[in-house]
Amino acid sequence: MEENLNKHSDVSAADLDRLNKEAQSEATPAAAKIIWDEFKADRPAMIALFIVVGFILFVMIGSLFINTPKMMETNIMNYNAAPGTSGFWLGADSAGRSIAQQLIVGARNSIGIAIGLTIISSVFGICWGLISGYFNGYIDWGMQRVYDFMMMLPMTMMIIVIVTIIKNYNAVTLTLIFSIFYWEGTSRLIRSRTLSESEKDYVAASKTSGTGSFNIIFREIMPNISSLIIVDTTLSFAENIGVETGLSYLGFGLPIQTPSLGTLIANANDPNNITQYWWTWLPAAALIIILCLSISYIGQVIRRSADASQRQGVSD
Amino acid sequence: MSLIEIKNLEVHYPIRSGFWNRVTDSVKAVDGISFNIEAGETYGLVGESGSGKSTTGKSVVGLEKVTSGSIMYQGKDITKKKNREALDYNHDVQMIFQDSLSSLNPRKRIEDIIAEPLRNFEHLSKDEEKLRVLQLLDIVGLDADALYKYPHQFSGGQRQRIGVARAVATNPKLIIADEPVSALDLSVQAQVLNFMKKIQREFGISYLFISHDLGVVRHMCNNIAIMNRGRLVEIGTRDDIYNHPIHIYTKRLLAAIPETNVNSRAEHRASRLAVEEIYQKQQDKYYDKDGLAYPLVPISPTHSVALPQDVAQEIIKQEGEVQA
Amino acid sequence: METTSNFLNIKDVSTAFKINGKYYDAISHVNLEVNHDEILAIVGESGCGKSTLATTIMGLHNPAETKITGTVDFEGTDLLKLDEKGYNKFRGSKIGMIFQDPLSALNPLKRVEAQISEVMDYHTDFTAEQKHDRVMELLDQVGIDNPKRTARQFPHELSGGMRQRVIIAIAIACKPDLIIADEPTTALDVTIQAQILDVLRDIQKENHAGIILITHDLGVVAETADRVAVMYAGQIVEEGSAEQIFNSPKHPYTRSLLRSMPQIDKQDDDLYVIQGNVPSLQKMPTTGDRFAPRTPWVPASEHEADPKMHDLGDGHEVRCTCYKNFEFPDQQGGVKS
Amino acid sequence: MWKTVLRRIMIMIPEVIILSLLVFLLAKAMPGDPFTGSINPKADPAQLHHLMEMNGLYDPWYQQYWNWVVHLFHGNLGNSYQYQEPVARLISSRAVNTLWLALFTTVLTYCFALPMGMYAAKHEGKLPDTIIRFYTYITYSIPFFVILVIGIWIFGYVLGWFPTTGSISSTANPGISSAGSRLYHILLPGIMGALFGTVNVVQYLRSEVIDAKRSDYVRTARSKGVPEADVYKHHIFRNSLLPIAAFAGYSITGLLNGSIFTETIFSYPGMGLLFINSINYRDYTVITALVLIYGILNLLGTLLSDIILSIVDPRIRIE
């Protein structure tokens, strides 16, 4: 067969290296480079990226130097110490605990859970959406019914009830509980895109080229929706910070002795705290706002650059 | 023995309704068709939109779930997935798609696109594989610098040639070409058709050429089948179909092709309107009570038409009289 | 044709699109005339600017992103000088337009009758009853069997051919003098195409309208057009009667196009292929013959530096002098006629 | 169309059954038993045992489930031990408050969102569009409860413009002043909720209008000589607003979820606050009833959206 091809083509093995080099010099940049270029061109995006990465590193490393149990000890002497007094540069709460230290540890806990939740729920949602969208028929039908049912459940209530039932839980189990309820949005988005991608002829071409379903789903279709996946994951990271802090705020997130940005904001529930002792809760709220805005902005920039690379595609 | 034998092929799409999602009705996209493709020939499958010609093509290449009937290749019925796998069927039967942009994965480089069937069916070393891809590019008239580019960096005609290169990569025996040039400009269409013919001459490939463009089909095909609402209405050689059409549907299609001869446009129009009038008036003669074509009956060794035997003979006689 | 008077004069029209802050000509210096009672076909391949010309005449471009120069004299008014309000007096009433894709060109949420009578809302003072009667009349005229039923339906309930008939009904509702049909049959099957072209021709006869038929299909042109303008890369390269263009084409592009069609008598030969590609908008050469790069065997001395249209008599015009000694190369790479 | 609706309802039935089963099992899994606290803590264990037996609590679970469902159908949701009254009556008194707040929020949401979405899309890329998109970016990014806390701090405590607890002032007399007081109490949470809830509607509407602007049928309308203002009125806005109508149903889910936070932060006595209180007191008859009600409301929301969509879009209406 090879002779057959050789006979009809002027290209021989001797030309291989030279042609390969020629081709390489004409090669096009990858998508990752296009995204990075977009960041370099956009100053606010760089600042946002710097804030997010820098802050995560700071709390991860900083929290290593803080003895959490000791930090959480009640010290009535420092009751609601104002910022700058008694060595508390962000003040202390009603139990005399350092706000600054709680912020660092709390931020680490909140971000850690948000990252875990984002990874688990996105991976699950992406797989669910891809599989459900690719296999139409009974598999899709069944998966859609499960999806419908999950959508009907009142999420916040269900999480609170489950947290109440389970007596001993920690950050890991909490992340898993959240994950049960937060994959639907991603799966819906991915499914609808997968449906339209599956219609395209390159999927049919892969089938006739002998590629198996698993490879078609994850190596043909998934790269084509990768920009959607990246954007969705970034945005759900911002959203997931809100999920954990929100429930901790209500008192059903992390256990009382484990600080979180949410439990800090919960200090605002006390009418005295909210006005007089603003430092007990406002810094945590400000932190969440800055963090969420930055992450969300990064998501927007990635979306824009993904659009741009796609636009480049059709303009030809 | 023919290369491929399609027998009583039916593809029905179920319509589900009601609470239990039961099948209550079905769309008969392909409704019992039979034809054979010989080695080395181009077989034309012609029809209007919704006639089921694309569904037929997809069934032959194994992309469509067949309701009933058989497609025999090397003595095995390849409508069954098990047989397709046992034969490495798609190593021998490949496909060229209509929309060149959508048929090439936009996130893959040309090298990976053309090498995909090679990687699945023939296990070559890296260098062997690269050489094969370069040779294939050469065969369809593209330079080596295409190797690491993405599909969107090519024009429509170039992309369609990349599609051809992928289809011939495994040296197949049959290629299903589903409207391969209908999205292309005239001059580019000529280029792609030339490459298809050249490859056929050199490798002895057969084509199932699916198209609605009778001009292109006449240029490409030796044998032609005309499809109408899921059934075949007429099959025959190029000469049978273009010069001695029997079924009114075939005549109507032929009459509707616009002609580039400006001088005879009035006559052409008059004859088209005459055919149209017969088509409207004699529906019951050419179609059964459900408005579908009759089973094919042979009227010569190469030529069959979907009419009851007696009606077919009568029409042939009438035609003879008119000509005499 | 001597009795007809022309009512549309397109003089030196260029339309430029803004791409990354710069303007690029999609059509440049187009001159055309359209008469009553004639079908002028504009033919060319994708990207040659034929649709841009249509939308320029209709004034459908976004002024923020396009720059249009020249004059479009329609019955004594320069359309390009009109404001939005002035333009709306012509659109739909004196000029009707037919689009390529009959499904997307109709509002999916409105019934057929509402979409047809909307034209009359703005250009006539018909009563509701008169409008209804006119809608029935129009649907009948475009060959719809059951106008009453069709009028009540939504676009998605109709077949492609029916939808295109509805679009034609909209275009001719106010008996326009000029109808612009932009690839009206490209999305349709051949049998439907033939019917739609018949309808167009009948309407033109009945209304004494002039039709600009934009298409890439030479067969459609040969069957329908009275006069033909061939466009390449934003310019008209040849213009003449259908007989002139098809029986004695002059410009190398026209001749190449006709030659690349599958021929009945040469079915086993290779088809003629035009070398190279159409230049993209940004890379369009500003001087010289734009088609010259695709006929590299023709010596540069044959071309004009700034190709002009040359009159060959009887309204047959061709751009550039290179047509005079143009010959096709044969299989071996030599040149034969 | 009625067939479609009927079919949707049929599909809902198994969902409701599974939901009720799930809720029932969750209730069983909750710590404590329904009589803890409802009778004298010093009660004789034997008496408690007898009570449990009387109420069928030693029956197999499916028997208990069946009894529970039968009670549900009779509107008997059990008794709340914390409030010492029937759950049905307790919830219905709170539901009114939640309903008013939700209704007010929804109306405000659309009042904000529709003009914003249409204006932004019409003047795409101009300054107002940029401002509106910046606003949606802010509200989209920040968690809802943080916005509420900041809102109540600034407008409730620092500026003192709005009340920070309750649904009605204790001094309000019945009649006009009571209605006024009610409105006054839902003003701040309603506005905050609406400002937050507009995001989805604005973004969706904006992209719909932009798509419609570039669609072929709008080009057809222009070529008919329809003036630009009418092109927007009759074609672009009309076609873009119809799918928005269906949003109303879907937004119920968001409103219910948000009600838990809104009502807690504003100490507003609705179903959300009742839920949090009941959780804290382990008042589980109330909890199960609320989860069930919220689930069914979510389901009705989707159904409502589907029905609206099938009414407004002829492509779905005519099958």
Q.
Measuring from atom CG of B/Asp178 to atom CG of A/Asp201, what distance do you get when rounded to the nearest 0.5 angstrom?
A. 8.0 Å

**Q.** Heavy-atom closest contact (B/Phe121 atom, A/Gly210 atom, distance)
**A.** CZ-CA, 3.6 Å

Q: Side chain from CB out, backbone as N, CA, C, O: work out which of these in A/Ser226 comes under 4.5 Å of a heavy atom of chain B, or both, or neither.
A: side chain

Q) Nearest 0.5 Å, what's the OG-NZ distance between B/Ser103 and A/Lys200? A) 11.5 Å

Q: Return yes when atom CE of A/Met150 has more than 12 non-hydrogen atoms of other residues, nucleotides or ligands closer than 6.0 Å, and no otherwise.
A: yes

Q. Of all of B/Arg119, B/Met95, B/Lys108, B/Lys58, which one pairs up most often with chain A through heavy atoms under 4.5 Å apart?
A. B/Lys108

(Q) If you define the side chain from C-beta out and look only at heavy atoms, does anything of B/Pro151 sit under 4.5 Å from A/Tyr202? (A) no

**Q.** Polar contact flag, side-chain donor to acceptor under 3.5 angstrom, A/Thr211-B/Asn120
**A.** yes

Q) What option among B/Leu63, B/Asp99, B/Asn105 has the most heavy-atom pairs under 4.5 Å with chain A? A) B/Asn105

Q) What part of B/Arg84 gets closer than 4.5 Å to chain A, counting heavy atoms only: side chain, backbone, both or neither? A) neither

Q.
Tell me whether A/Ser209 contacts the main-chain N or O of B/Glu116 through its side chain, where contact means a donor paired with an acceptor under 3.5 Å.
A. no

